[in-house]
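Shown next, in structure tokens, is the structure this report addresses.
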Amino acid sequence: MELIFATNNEYKLSEIRSLLGLSFSLRGLLELGVSEEIPEDHDTLEENASQKAWFIYDKYGKSCFADDTGLEVDALNGRPGVYSARYSRIGHPTFPEMEPAAGNIRKLLLELAGSSHRKAHFRTVIALVLDGTEYRFEGVVNGVITEKPSGAEGFGYDPVFRPEGFGETFAEMDLSMKNRISHRAKAVEGLIDFLKGM
Ligand code: ITT
């Protein structure tokens with residue numbers, strides 16, 4: 001089955017490709033020749049995932065899915081959440097000289113400095129638009145924000161997120177381990193079960 005994954009993020013693409021396996025041919029936006037930025041300007045993960053999936057479906061007429069992911073930190077009342085990608089650029093921009101992921105991590109560690117309450121979770125929402133109907137899937141992984149970044153694998157906030165039950169951050173794990181337990185893996189499980197059951 002051919003599916004479009006409406007993402008510009010190559011890391012996400014390879015994570016989901018290895019989760020879906022060989023029965024699906026998955027194409028990202030780069031392969032589709034889409035270079036424009038897809039709007040994601042809502043205030044919830046659900047609406048953003050939906051907006052990205054419908055944008056591609058309406059424009060290219062191909063069944064497609066999109067994910068939106070946020071890091072929800074308990075001590076920050078769920079922030080940065082839906083604003084995780086632009087966290088360090090919200091309000092007074094902090095660390096504009098850093099690349100976004102590094103600036104985001106720096107700001108997060110500053111906001112939590114001295115706090116022992118470091119529980120957080122990643123939440124992924126996938127919106128699938130199949131023949132003009134939308135379906136949604138969600139995945140959550142609980143963990144804590146570490147005191148400092150460790151590891152070089154993965155992307156985004158991975159160096160400061162240690163999933164519950166593990167002694168290492170997502171960025172210290174190899175992809176196959178992250179893919180067994182992650183927020184995105186759980187959401188994709190729902191997607192795969194759905195597609196297999198069709
Ligand atoms: P899209 O093209 O799919 O929108 P994106 O990188 O903008 O790609 P999101 O909006 O879903 O992705 O991500 C929001 C933020 O959360 C962004 O800063 C990501 O780096 C980060 N993020 C998403 N998934 C993550 C993961 O599995 N591990 C660590 N950080 C992640």
Side-chain angles (χ1 to χ4, degrees), residues 6-9 11-12 15-16 19 38-53 65-95 98-128 135-151 153-173 177-191:
T7 186
N8 289 307
N9 183 324
Y11 290 96
K12 279 187 182 177
E15 280 188 12
I16 290 197
L19 286 165
I38 304 180
E40 49 178 316
D41 48 21
H42 290 283
D43 295 325
T44 65
L45 298 175
E46 285 76 6
E47 288 169 299
N48 279 343
S50 175
Q51 184 180 25
K52 288 191 271 188
F65 70 91
D67 93 340
D68 200 24
T69 295
L71 176 66
E72 300 176 335
V73 179
D74 287 9
L76 302 179
N77 297 318
R79 281 191 296 118
V82 70
Y83 306 110
S84 295
R86 54 203 138 115
Y87 180 41
S88 67
R89 281 162 284 148
I90 294 168
H92 175 66
T94 37
F95 317 115
M98 292 183 152
E99 58 100 17
N104 287 339
I105 285 178
R106 188 80 184 275
K107 178 170 175 181
L108 179 62
L109 293 180
L110 265 181
E111 285 214 88
L112 291 178
S115 168
S116 56
H117 183 200
R118 304 185 76 90
K119 281 190 178 171
H121 55 268
F122 274 115
R123 191 163 70 89
T124 289
V125 175
I126 289 179
L128 166 73
Y135 307 88
R136 286 197 194 146
F137 310 91
E138 188 188 83
V140 173
V141 63
N142 293 316
V144 293
I145 304 301
T146 55
E147 300 278 344
K148 57 180 175 49
S150 331
E153 302 298 320
F155 67 99
Y157 294 89
D158 281 345
V160 290
F161 184 84
R162 190 171 64 230
E164 209 168 78
F166 289 81
E168 52 194 356
T169 66
F170 268 161
E172 292 173 300
M173 292 178 175
M177 178 52 89
K178 181 182 174 191
N179 268 345
R180 246 177 277 157
I181 60 168
S182 80
H183 45 299
R184 192 166 299 102
K186 290 177 184 164
V188 170
E189 239 170 66
L191 172 72

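This is a predicted model, so every value here is computed, not measured.
D67 contributes no side-chain N or O that, together with a main-chain N or O of I126, makes up a donor-acceptor pair within less than 3.5 Å. Under the 3.5 Å distance criterion, the side-chain polar atoms of S84 are matched with a main-chain donor or acceptor of L71. A donor-acceptor distance shorter than 3.5 angstrom exists from the side chain of T169 to the backbone of S150, with no hydrogens or angles considered. Remark: side-chain polar atoms of N104 are paired, donor with acceptor, to backbone N or O of S88 under 3.5 angstrom. Between the K107 side chain and the Y87 main chain, a donor and an acceptor come within less than 3.5 Å of each other. The closest donor-acceptor contact from the side chain of N179 to the backbone of A185 lies at 3.5 Å or more, if one exists at all. A donor-acceptor distance shorter than 3.5 angstrom exists from the side chain of D158 to the backbone of F155, with no hydrogens or angles considered. Side-chain atoms of D43 do not come within 3.5 Å of backbone N or O of V82 as any donor-acceptor pair. Judged by distance alone, with hydrogens and angles left aside, the side-chain atoms of R118 form a donor-acceptor pair with the main-chain N or O of T146 at under 3.5 Å.
Taking the side chain as every heavy atom from C-beta outward, L109 and P149 approach each other to under 4.5 Å. You'll find the side chain of H183 reaches within 4.5 Å of the side chain of F170, heavy atoms only. You'll find the side chain of M173 reaches within 4.5 Å of the side chain of I181, heavy atoms only.
The two atoms that bring A49 and A66 nearest to each other are O-CB, 3.5 Å, heavy atoms only.
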Test side chain to side chain donor-acceptor pair (under 3.5 Å) on Q51 and D68 and set out the steps.
CA-CA 10 Å; Q51 184 180 25; D68 200 24; over 6 Å; no
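Checked for salt-bridge contact, E46 and R123 meet the test: a charged N lies under 4.0 Å from a carboxylate O.
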